[in-house]
Amino acid sequence: MSWDLTGPVWEIAPTLLGAVLSHGPVGVRLVEVEAYDGANDPASHAYRGRTARNAVMFGPPGHLYVYFTYGMHYACNVACGPDGVASGVLLRAGEVIEGAEVAQARRGNSKVRDLARGPGRLAQALGIDRSLNGTALLGGGVVSLSRRPGPGPDRIEAGPRVGVSVAADVPWRFWIAGDPHVSTYKRSPRAATDFTR
DNA sequence: CACTAGATGCTCT
DNA sequence: GAGCATCTAGTGA
């Protein structure tokens with residue numbers, strides 16, 4: 001079940017759609033991701049080089065990069081690229097398919113459909129915080145990423161990334177077409193470039 | 001439904 | 001101190 005995450009991150013990102021990320025009793029089927037290409041991507045945390053925060057992205061692939069933002073939210077990424085090359089896939093949204101009661105308790109009064117609809121919500125539903133930063137995802141640990149048997153997603157669409165203020169014209173956001181669990185957030189108001197489909 | 005504004009604290013300059 | 005890879009509650013139609 002080896003999983004090659006060392007190729008170009010924009011090619012790897014869509015292959016994560018439909019996979020399941022689980023932490024303890026809670027499992028989430030990924031329906032929306034975004035690619036961040038480290039040193040070549042001005043929107044990436046790793047664009048300006050290695051820091052204490054983004055060190056995991058520079059490490060070997062298949063590890064969890066957790067960061068904290070907007071004062072109240074965590075977000076999860078899968079580090080990609082070979083050791084020493086910084087790239088990652090932000091897990092933006094998913095469908096809770098296991099442990100919905102636990103996730104709901106953590107999220108308060110939230111509809112099941114909204115439990116992991118957005119990066120901050122997804123992290124909260126899974127109970128992921130900074131203590132899990134750097135965790136290996138492919139070795140069968142407490143946090144694991146795995147493909148599910150059966151066919152993959154029917155159709156995948158791509159578009160501009162959400163919430164980033166630069167390079168918004170690069171269509172590196174990927175989601176499962178028509179899936180109700182995809183987040184509906186608008187692009188950053190700072191992102192001036194138009195995207196027309 | 002669409003849109004706006006405020007919360008909130010870590011990280012890097 | 002400024003700027004966030006965000007979310008929620010509020011308003012108005």
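Here is the naming used below: chain letters follow the sequence lines, and residue numbers restart at 1 for every chain.
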Which residues pass the ring pair (Phe, Tyr, Trp, His ring centres under 6.0 Å) test with A/Tyr67, sequence neighbours left out? A/His45, A/Tyr65

Phosphate contact (C/dT6 OP1 or OP2) by A/Arg92 side-chain N/O below 4.0 Å: yes

With A/Ser144 via side-chain hydrogen bond (donor to acceptor under 3.5 Å, both in side chains) - residues at least two apart: A/Ser22

Taking N and O atoms by type only, does the side chain of A/Tyr70 place a donor or acceptor under 3.5 Å from a partner on the base of C/dA5? no

Choose from C/dA5, C/dT6, B/dG9 the nucleotide whose nearest atom is closest to any side-chain atom of A/Val164. C/dA5

Partners passing side-chain hydrogen bond (donor to acceptor under 3.5 Å, both in side chains) against A/Asp37 (at least two apart in sequence or in another chain): A/Asn40

Counting only heavy atoms and a strict 4.0 angstrom limit, can you tell me which residues of residues 30-46 of chain A come near DNA chain C? A/Tyr36, A/Ala43, A/His45

Side-chain donor-acceptor contact under 3.5 Å, A/Gln124 with A/Arg106: no

Using heavy atoms and a sub-4.0 Å distance, could you list which residues of residues 72-80 of chain A are near DNA chain C? By number, please. A/His73, A/Asn77

Tell me, please, whether A/Phe174 has A/Arg92 positioned over its six-membered ring: NZ or CZ under 6.0 Å from the ring centre and within 45 degrees of its axis? no

Should A/Asp41 and A/Arg161 be marked as a salt bridge (charged side-chain N to carboxylate O under 4.0 Å, His left out) after you check the CA-CA gap, both sets of side-chain angles, and the distance that decides it? CA-CA 12 Å; A/Asp41 181 2; A/Arg161 292 174 292 186; 2.7 Å; yes

If one requires at least 3 consecutive Watson-Crick or G-U pairs with distances under 3.5 Å, the stems of DNA chain B turn out to be B:1-7 with C:6-12, B:9-12 with C:1-4

Taking only the side-chain nitrogens and oxygens of A/Arg130, find out if one of them lies under 4.0 Å from OP1 or OP2 of B/dT11. yes

N/O (side chain, A/Thr69) to phosphate O (OP1/OP2, C/dC4) under 4.0 Å: no

Presence of A/Arg50 side-chain N/O under 4.0 Å of B/dT11 phosphate oxygens OP1/OP2: no

Please check if the number of heavy atoms outside A/Phe68 that lie under 6.0 Å from its CZ is greater than 12. yes

Flag yes if more than 12 heavy atoms outside A/Asp83 fall under 6.0 Å of its CG atom; otherwise flag no. yes

Among A/Glu157, A/Glu32, A/His181, which one satisfies side-chain hydrogen bond (donor to acceptor under 3.5 Å, both in side chains) with A/Trp175? A/Glu157

Listed nucleotide nearest any side-chain atom of A/Arg121, set B/dC10, C/dC7, B/dT11: C/dC7

Is the backbone N or O of A/Val20 less than 3.5 Å from a side-chain atom of A/Arg29, with the two atoms forming a donor-acceptor pair by type? no

Can you confirm whether the side chains of A/Glu34 and A/Trp172 place a donor and an acceptor under 3.5 Å from each other? no

